[in-house]
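Before any comments, here is the structure.
In this text the structure is predicted, and so the values were computed from the model without any measurement.
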Amino acid sequence: MKIAIGADHAGFEYKELLKSYLTDYEVKDFGTYSSQSVDYPDFAHPVASAVESGEYTFGILVCGSANGVAITANKHQQIRAAICWLNELAALARQHNNANVLCIPARFVSEDLAKEMATTFINTPFEGGRHGVRVGKMSC
């Protein structure tokens, strides 16, 4: 499984942590590569494009609140980016929404919770059924 990962300066440390944690997967780092201030769209768009193209199964984006990266990623037609701050939300985003990009708010979750949510998100299947019908209605 291939995972695209990216972050802005506020999410840089968590991105590095997750890269080290997700050793069972092929992970490509789309930046940023330091904690110096940057613009989150510069990293959210490439991650979203990589997932949208099908080259990567999932994306993980990290910024301070996760709002900026989620809004940016969701501009891509085939992306369903979900902000998660509880493990249960990571599971539901996959089960009910077939989310393909996990957005983590680094300033509001612990490192352990970020790792737990990444694992849950990657390993939770989409339930389909009535949820599939709903997801099918999301595209503009």
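When side chains are defined from C-beta on, Thr119 does not count as touching Lys115, because their heavy atoms never get closer than 4.5 Å. Taking 4.5 Å as the limit, some side-chain heavy atom of Val109 sits within range of a side-chain heavy atom of Met117. No side-chain heavy atom of Arg80 sits less than 4.5 Å from a side-chain heavy atom of Val101. With contacts defined as side-chain heavy-atom distances shorter than 4.5 Å, the pair His96/Val135 does not qualify.
Annotation: Tyr56, atom OH; neighbour count of heavy atoms from other residues, nucleotides and ligands within 6.0 Å is above 12.
Put simply, the side chain of Glu116 never gets that close to the backbone of Asn87: no donor and acceptor are under 3.5 Å apart. Between the side chain of Asp8 and the backbone N or O of Gly11, at least one donor-acceptor pair lies under 3.5 Å. Ser53 contributes a side-chain N or O that, together with a main-chain N or O of Ala50, makes up a donor-acceptor pair within less than 3.5 Å. A donor-acceptor contact shorter than 3.5 Å is absent between the side chain of Glu26 and the backbone of Met1. With hydrogens and angles ignored, the 3.5 Å screen pairs a side-chain donor or acceptor of Tyr33 with a backbone N or O of Gly31.
Interatomic distance, Arg94 CZ to Thr120 OG1, rounded to the nearest 0.5 Å: 11.5 Å. Interatomic distance, Asn74 CG to Cys103 SG, rounded to the nearest 0.5 Å: 7.0 Å. Rounded to the nearest 0.5 Å, atoms CZ (Phe121) and CG (Asn100) are 6.5 Å apart.
With respect to Val51, the side-chain contact (heavy atoms from CB on, under 4.5 Å) criterion is satisfied by exactly one of Ile79, Ile60, Thr57: Ile79.
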### Task
Begin from the C-alpha positions of Ser49 and His76 and carry the test side chain to side chain contact (heavy atoms under 4.5 Å, CB included) through to its verdict.
CA-CA 7 Å; Ser49 292; His76 294 255; 3.2 Å; yes
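In this structure, Lys28 satisfies the cation-pi test against Phe30, with its NZ or CZ atom closer than 6.0 Å to the six-membered ring centre and inside 45 degrees of the ring normal.
By the criterion of side-chain heavy atoms lying less than 4.5 angstrom apart, applied directly or through intervening Ile, Leu, Val, Met, Phe, Trp or Tyr residues, Phe58 is grouped together with Val27 in one hydrophobic cluster.
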